[in-house]
Amino acid sequence: MKKRDAHVHTKYCPHGTKDTFDEYVEKAIEQGLSSISFTEHAPLPSNFIDPTPEKDSGMRTNDLERYILDIQAIQKQYKNDIDIKCGLEVDYIEGYEKETQALLDHVGPYLDDSILSVHFLNCEGKWICLDYSPDSFKEASNILGGVNQVYDLYFQQVLKSVETDLGYFKPKRIGHMTLVTKFQKRFKPTKGFSSIKDTILENIADKGYALDWNSAGLRKPLCREMYPDLETIQKAKHLGIELVFGSDAHQAKEIGLGYETLTQILETLTE
Ligand SMILES: [Zn+2]
Ligand SMILES: [Zn+2]
């Protein structure tokens with residue numbers, strides 16, 4: 001199997017590190033990867049107010065052009081060593097579909113790869129970044145009436161992200177489909193969500209989209225699980241959905257992390 005890490009952040013991430021593109025690429029080569037995708041958080045719609053305290057969830061709009069130029073330069077520099085894809089991790093934000101499509105229409109021609117993710121939930125009028133901190137999760141839970149309700153709303157949004165038309169350049173891969181479990185050791189739902197997860201998977205399969213199989217949760221002390229969970233991965237495989245490994249690295253040393261775990265899991269999965 002081609003060793004690929006298709007979810008990598010960069011120095012353009014305001015909540016990431018200043019590690020350079022060279023450092024990421026050198027690390028990828030050292031790990032024996034044959035392909036990586038840089039998928040920086042796309043700029044958020046200008047009329048959307050980032051609910052995080054530092055307003056640092058997406059890259060600055062002014063940085064977008066430089067980001068693409070930097071990647072084009074690094075692609076050339078390493079063209080004989082590794083396949084480097086230029087991508088973005090785009091937010092699905094309900095009510096901002098038009099703005100999101102406008103961004104994709106504009107930048108799409110320069111992208112080789114991209115991911116569509118849900119990080120923001122509209123909790124009865126108040127936007128919350130679901131994965132920002134345990135406190136932000138707790139706030140969502142308080143507003144919505146419990147942990148189960150946060151899960152419900154999150155999965156409804158993921159389903160909408162799959163169904164919604166965002167134009168020709170809509171990302172074809174769904175990011176960390178179970179990100180809602182990031183703080184699961186503190187906030188446990190009291191029921192399962194297989195039914196809506198199944199619906200999401202069926203829609204992904206119908207559209208021919210892929211799943212970001214994301215190892216970041218393994219590194220989070222309150223999660224300790226990949227996104228998505230094993231049961232979901234197993235079902236995705238049955239449905240023939242392509243699983244694409246992503247470390248979600250926000251620093252060079254995280255490139256490829258969790259890849260071995262994924263490979264071992266893949267071996268245990270039945271067809
Ligand atoms: Zn990030
Ligand atoms: Zn993400």
Side-chain angles (χ1 to χ4, degrees), residues 9 13-16 41-59 89-101 103 115-164 166 171 174-201 203-204 211-212 214 216-217 219-229 231-232 248 250:
H9 292 274
C13 176
H15 59 260
H41 296 283
L44 298 173
S46 57
N47 54 345
F48 177 74
I49 299 170
D50 185 344
T52 62
E54 309 289 334
K55 311 216 175 307
D56 61 355
S57 301
M59 82 159 86
E89 179 179 11
V90 178
D91 269 280
Y92 173 73
I93 310 175
E94 190 177 25
Y96 292 82
E97 293 82 357
K98 233 192 250 158
E99 292 81 353
T100 305
Q101 178 167 347
L103 171 87
I115 299 173
L116 189 63
S117 301
V118 172
H119 302 99
F120 302 105
L121 296 182
N122 184 342
C123 302
E124 297 182 6
K126 185 174 174 35
W127 284 101
I128 291 179
C129 180
L130 169 82
D131 63 316
Y132 179 73
S133 67
D135 280 345
S136 61
F137 190 101
K138 192 175 175 195
E139 190 185 2
S141 166
N142 288 343
I143 294 174
L144 296 169
V147 172
N148 290 350
Q149 283 80 353
V150 181
Y151 273 62
D152 269 328
L153 180 58
Y154 172 77
F155 285 123
Q156 284 163 21
Q157 293 303 303
V158 174
L159 180 57
K160 281 189 182 157
S161 77
V162 178
E163 289 172 335
T164 302
L166 293 173
I174 300 303
H176 42 58
M177 185 190 134
T178 55
L179 181 66
V180 70
T181 63
K182 181 168 177 180
F183 307 116
Q184 61 181 347
K185 290 188 185 291
R186 189 165 306 168
F187 304 104
K188 266 232 161 306
T190 55
K191 61 176 186 118
F193 293 85
S194 349
S195 154
I196 185 149
K197 286 198 274 187
D198 288 352
T199 309
I200 293 168
L201 290 178
N203 274 271
I204 289 176
L211 268 182
D212 169 45
N214 187 306
R219 306 192 288 277
K220 307 293 177 199
L222 294 178
C223 183
R224 296 295 183 206
E225 189 175 47
M226 284 210 175
Y227 313 122
D229 56 278
E231 192 192 332
T232 306
D248 212 338
H250 282 70

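Heavy atoms only: backbone and side chains are in, while hydrogens, waters and symmetry mates are out. Counting from 1, the numbers follow the sequence of the chain as shown.
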Show your reasoning for whether side chain to side chain contact (heavy atoms under 4.5 Å, CB included) applies to Met177 and Leu179. CA-CA 6 Å; Met177 185 190 134; Leu179 181 66; over 6 Å; no

So Leu166 and Leu116, side chain to side chain contact (heavy atoms under 4.5 Å, CB included) or not? Walk me through it. CA-CA 10 Å; Leu166 293 173; Leu116 189 63; 4.0 Å; yes

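Side-chain atoms of Gln156 and Val158, non-hydrogen and from C-beta on, never get closer than 4.5 Å to each other. Between Pro45 and Ile93 the shortest side-chain heavy-atom distance falls below 4.5 Å. Residues Pro228 and Leu211 form a side-chain contact, since some pair of their non-hydrogen atoms from C-beta on lies under 4.5 Å apart. Side chains of Thr199 and Phe155 form no contact here, defined as non-hydrogen atoms less than 4.5 Å apart. Within the 4.5 Å cutoff, side-chain heavy atoms of Cys13 are placed close to those of His250.
Contacts classified as salt bridge (Lys or Arg N to Asp or Glu O under 4.0 Å) and involving residues 115-124 (residues at least two apart or in different chains) are not found. For residues 186-198, the salt bridge (Lys or Arg N to Asp or Glu O under 4.0 Å) pairs, not counting sequence neighbours, are Asp152-Lys191, Lys197-Asp229, Asp198-Lys235.
Ring geometry for His9 versus His15: interplanar angle of 30 to 60°, hence tilted.
Under the rule for a side-chain hydrogen bond (donor to acceptor under 3.5 Å, both in side chains), Thr100 has no partner lying at least two apart in sequence or in another chain. With sequence neighbours excluded, the residues satisfying side-chain contact (heavy atoms from CB on, under 4.5 Å) with Asp135 are Ser133. Annotation: salt bridge (charged side-chain N to carboxylate O under 4.0 Å, His left out) contacts of Lys126 (sequence neighbours excluded): Glu139. Considering only residues two or more places apart in sequence or on other chains, Tyr227 meets the ring pair (Phe, Tyr, Trp, His ring centres under 6.0 Å) condition with none of them. Contacts of Tyr151 classified as ring pair (Phe, Tyr, Trp, His ring centres under 6.0 Å), with partners at least two apart in sequence or in another chain: Phe193. In this structure, the side-chain hydrogen bond (donor to acceptor under 3.5 Å, both in side chains) partners of Thr190, at least two apart in sequence or on a different chain, are Asn148. Checked against salt bridge (charged side-chain N to carboxylate O under 4.0 Å, His left out), Glu97 has no partners two or more places apart in sequence or in another chain. Judged as a side-chain hydrogen bond (donor to acceptor under 3.5 Å, both in side chains), and not counting sequence neighbours, the contacts of Lys160 are Glu94. Considering only residues two or more places apart in sequence or on other chains, Tyr92 meets the ring pair (Phe, Tyr, Trp, His ring centres under 6.0 Å) condition with none of them. For the side-chain hydrogen bond (donor to acceptor under 3.5 Å, both in side chains) test, no residue two or more places apart in sequence or in another chain qualifies with Lys138.
Note: Ile196 CD1 to Leu201 CG = 11.0 Å, rounded to the nearest 0.5 Å. Between atom NZ of residue Lys55 and atom CD1 of residue Ile49 there is a gap of 7.0 Å, rounded to the nearest 0.5 Å. Summarising the geometry, atom CG belonging to Leu153 is positioned 12.0 Å from atom OG belonging to Ser141; distances are rounded to the nearest 0.5 Å. Here the straight-line distance linking atom CG of Asn214 with atom CG of Asp248 works out to 4.5 Å at 0.5 Å rounding. Taking CZ from Phe120 and OH from Tyr132, the interatomic distance works out to 11.5 Å, rounded to the nearest 0.5 Å. Note: Ile174 CD1 to Ile200 CD1 = 9.0 Å, rounded to the nearest 0.5 Å.
Across His176, His41, Gln157, a single residue satisfies side-chain hydrogen bond (donor to acceptor under 3.5 Å, both in side chains) together with His119, and that is His176.
Closest heavy-atom contact between Pro14 and Gly58: CG-O, 3.0 Å. Residues Cys123 and Ala140 approach most closely at SG-CB, 3.8 Å, considering heavy atoms. Closest approach of Leu130 and Tyr154 over heavy atoms only: CD2-CD1, 3.4 Å. Across every non-hydrogen atom of Cys129 and Pro51, the tightest pair is N-CG, 3.8 Å. Minimum interatomic distance between Ile128 and Ser136 (heavy atoms only, all atoms of both residues): CG2-O, 3.4 Å.
At least one donor-acceptor pair under 3.5 Å links the side chain of Asp50 to the backbone N or O of Ser57. A distance-only check finds no donor-acceptor pair linking the side chain of Thr181 to the backbone of Gln184 [under 3.5 Å]. Using modelled atom types, no side-chain atom of Tyr96 and backbone atom of Asp91 make a donor-acceptor pair closer than 3.5 Å. For Asn122 (side chain) and Trp127 (main-chain N/O), no donor-acceptor pair under 3.5 Å exists by modelled atom type.
Around atom NZ of Lys98, no more than 12 heavy atoms belonging to other residues, nucleotides or ligands sit under 6.0 Å away.
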